[in-house]
Asks: 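Please find one structure pasted underneath; my questions will follow.
What you see below is based on every heavy atom in this structure, not just the backbone, and it leaves out hydrogens, waters and symmetry mates. Throughout, a chain's letter reflects where its sequence line sits, starting with A, and its residues are numbered from 1.
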2 protein chains.
Amino acid sequence: MTSQATPAPGRVGDVRRRNLALVLNRLGPEGVASRAEIAAATGLTKASVSSLVADLLETGLVEELGVTRGGERGRPGVGLALSPRRGALGAEVNVDYLAVGVLDLRGALRVHETVEASNHGRAPEDVLADLRSLAARVGEAAAADGVELLGGGLAVPGIVDTASGTLVTAPNLAWAGVPLAGALQDLAPGAPFSAELSNEADSAALAELWYGRGRALGSYLYLSGEVGVGGGLVIGSQLFTGAGGHAGEVGHVVVDPGGRRCSCGGRGCVETVAGQEAVLAAAGITGAGSTTTGRLDALTASLAAGDARAVGAVERAGEALAVAVVAAARLVDLSAVVLGGHFGILRGVLGPALEAALEDLAPGRITTVAFSDLGASAALTGAAGAALRRALAAPHALLG
Amino acid sequence: MTSQATPAPGRVGDVRRRNLALVLNRLGPEGVASRAEIAAATGLTKASVSSLVADLLETGLVEELGVTRGGERGRPGVGLALSPRRGALGAEVNVDYLAVGVLDLRGALRVHETVEASNHGRAPEDVLADLRSLAARVGEAAAADGVELLGGGLAVPGIVDTASGTLVTAPNLAWAGVPLAGALQDLAPGAPFSAELSNEADSAALAELWYGRGRALGSYLYLSGEVGVGGGLVIGSQLFTGAGGHAGEVGHVVVDPGGRRCSCGGRGCVETVAGQEAVLAAAGITGAGSTTTGRLDALTASLAAGDARAVGAVERAGEALAVAVVAAARLVDLSAVVLGGHFGILRGVLGPALEAALEDLAPGRITTVAFSDLGASAALTGAAGAALRRALAAPHALLG
DNA sequence: GAGAATTAGTATTTGTTCTGAACTATATGG
DNA sequence: CCATATAGTTCAGAACAAATACTAATTCTC
């Protein structure tokens, strides 16, 4: 829910909490700054910044780097930066694999391990047991590398209830109503911030914002091509979750009111044209005795060979995506799109088709069409990054 | 822009500013409360509430009502309520009329005056001169009625830049790049809060939220049928302005990728099917020698007579709107729509067509389709209401 | 190379604001 | 008339940032 929650009364201590986070966020993007620079940038006095930084050093989130040479006159400042000795664990349960990684506060993915496994229809408890042991192994590797975990995050391909840690429904895993609170607790045991559950497309969209193509954009629609078509809306450098908490569901925007029935019960949805199954079927690639990965490889081979049927199928997918992108552009006033997931491998044909359709449907409206370069670690990076930001937003929780 | 602006440092005084607004908002919806009730509801101590209320009484925004009888034991509380002696002026410049009204803090429209005039293509300075004298007359009437103005707002049918008070473009008025800062200053001269410029559909959407059908909803898409099709997104009881500040532009969402070229340069936009001109043309109602109002009357007459061509035109408009509404439902996770403006007079045919199309395209997704009952004063009510809320959010500005 | 200039960071006092506890004020009920 | 209950006020105490005056460390200039 986006609505303003409980009307918490303002207390005197809130001021310090806010200023701690303010100073910390100054350190975030730039990397290094001195107390004096922070004072100038935030409007706080040097005295206040000194006091706040002392607390932040105590939390372990920040460390001093020693004197920074400016070549100018006067006493040199002491460099301050986010500590690479603190991090968060990000995990992803997907249809074809499990993945866990540890991201430190400087943005480096310090450990990263993937286990290939077909999880569709598998019992959740079995998958979660595998995830638990993988997370333990990665967590130990991170500890050996000197990274202490602040929290964690788990991204899943389905609709989630973050508050309760429940996976409401994940058609591609054939899971529904799976309580994951226990699995979340085991991701980063003993960490000061609790792990949260998130949707995979949302996490990937955030990974783009913090570590990928979105850094330069600030506001964009992220499109994730997996089995379905997922989406995440980033508005003003923040994930926009909408009225009910599940915004950005691009897969079921209607692009052809007279079109085919969709599995959602609707008609003419994006997924009926640009979903993986729809594209493969339209390209004439049958599923007989082949894995999803194998069929996608066949599709890229057909595209490379210039097969007209395959090219046409991907072009139609691009046109369908364009209709949905224009809807987003009009409704939430966006001008950029970032494409990730399997859309990346279709880039050569999909990109031009999408751009051409956008020019036809709404000339000049969309000014940026970018493809992700984060690859398969996007979702876990986003989940871990979100955990780090929860810590950066509440540093006071780490103080005695 | 939705992005976080300047990183203002937290000061001790911020706490009081926030708590003043917190207490004031407790008074808002309910109407009456005692200091003790406010303390219990907000979590502030009785001592703090007493001190805050003393300041609020000084601002004139709040007044004591005398002892409230509870019939229970103990000392009775003193009722507190927003003062009906403070209000804001709302104004609207539209194609066919000028309108100005004064809304008080209790939500009553105390004065309201409309001047019919065809403003299309008229010189802005002439229209604004008329507006100025109308606002002066209404302002004096309000003063005579004991209402002191806190601020004002002006709603216009076009794209606005609120920060600079500029009307960027208003095709239906044939205006572009009109600086309105001067006109805004003259709306409520001497008022402590400066008047702001807003888009008409956005203001109408807010009027629904605060005084209309939106009170029970909290999140919805408002659709305004004027010459064009405008929209306003309300998410979590707040107007959502999107990445660039102009969200909710429903009129140019693509509903028919193979459809007609639109005046915007795009193709198959909502307005090419559900815009006033498109509907009238499809209904076979020619424009020869008749005003817009006259042609709309002819359309309603045809509908009442069951004319197949007119009914079909409105039904197709409903189907086009449904595609856009589903896009909004998916992208920002909404489940309610409120229709206003000229859509109200088409209600009998448009409502069922829209609902049927919604059931076909996305069964169960939209649970509420409501029509506005605020009539022609919606936009000015929203503009005035926004001015009142600016005052309620910053009561400290009224203290010495 | 000594002192002036300049910038970084710290210590101390002051004013604002909330909290908590004790207190006064005003009602109901027996 | 007194016990009880609720409303509201007063006052000391703690937390906090601002303002001011200070110390620390470096470069520039003569």
Asks: Using a cut-off of strictly less than 4.0 Å, decide whether B:S50 has a side-chain nitrogen or oxygen near OP1 or OP2 of D:dG8.
Replies: no
Asks: Side chains of B:S51 and B:S48: any donor to acceptor distance under 3.5 Å?
Replies: no
Asks: Over all strands shown, is A:A36 touching base, sugar-phosphate only, or nothing at heavy-atom distances under 4.0 angstrom?
Replies: sugar-phosphate
Asks: Would you mind telling me which of C:dT28, D:dA17, C:dT17 lies closest to the side-chain atoms of B:R73?
Replies: C:dT28
Asks: For the side chain of B:L52, starting at C-beta, report the closest nucleotide among D:dA17, D:dT9, C:dC18.
Replies: C:dC18
Asks: May I have the distance from A:L399 (atom CG) to D:dA15 (atom C1'), rounded to whole angstrom?
Replies: 14 Å
Asks: Within the distance-only criterion (no hydrogens, no angle test), does the side chain of A:D161 pair as donor or acceptor with the backbone N or O of A:G165 below 3.5 angstrom?
Replies: no
Asks: Checking all strands, does B:S51 fall into the base, sugar-phosphate, or nothing category for heavy-atom contacts under 4.0 angstrom?
Replies: nothing
Asks: How many Å lie between CG on A:N19 and P on D:dA17, as a whole number?
Replies: 5 Å
Asks: Choosing from C:dG9, C:dG20, D:dA17, which nucleotide comes nearest the side chain of B:T45?
Replies: C:dG20
Asks: Between B:W210 and B:R389, is there a cation-pi geometry (under 6.0 Å to ring centre, at most 45° from the normal)?
Replies: yes
Asks: Quickly work out the A:K46 NZ to D:dA17 P distance and round it to whole Å.
Replies: 17 Å
Asks: Starting at atom CZ of A:R17, determine the distance to atom C1' of D:dA17, rounded to an integer number of angstrom.
Replies: 15 Å
Asks: Nearest whole angstrom, please: distance from the P of C:dC18 to the CZ of A:R16.
Replies: 19 Å
Asks: May I ask you to decide whether B:R16 forms a salt bridge with B:D55, counting only side-chain N to carboxylate O separations under 4.0 Å?
Replies: yes
Asks: Just the rounded figure in Å: distance from P of D:dT6 to CD1 of B:I38.
Replies: 18 Å
Asks: Salt bridge or not between A:E63 and A:R106? Use side-chain N to carboxylate O under 4.0 Å.
Replies: yes
Asks: Using a heavy-atom cut-off of under 4.0 Å over every strand shown, decide if B:V49 touches base, sugar-phosphate, or nothing.
Replies: nothing
Asks: May I have the distance from A:E64 (atom CD) to C:dA8 (atom P), rounded to whole angstrom?
Replies: 15 Å
Asks: When we call it a touch if two heavy atoms are under 4.0 Å apart, what does B:V12 touch: a base, just sugar-phosphate, or nothing?
Replies: base
Asks: Of the nucleotides D:dA17, D:dA25, C:dA25, which has the atom closest to the A:P76 side chain?
Replies: D:dA25
Asks: Do A:R75 and C:dA8 share a donor-acceptor pair, side chain to base, under 3.5 Å?
Replies: yes
Asks: Side chain of B:A47 only, heavy atoms from C-beta on: which candidate in D:dT10, C:dT7, D:dA17 is closest?
Replies: D:dT10
Asks: How close or far is atom C1' of C:dG9 from atom CG of A:L44, stated in whole angstroms?
Replies: 15 Å
Asks: Closer than 4.0 angstrom, basic N to acidic O: yes or no for B:R390 and B:E196?
Replies: yes
Asks: Between A:R11 and A:G79, just flag the one whose closest nucleotide in DNA chain C comes earlier from the 5' side.
Replies: A:G79
Asks: What's the closest nucleotide to the B:R35 side chain, out of C:dT17, D:dT9, D:dA18?
Replies: D:dT9
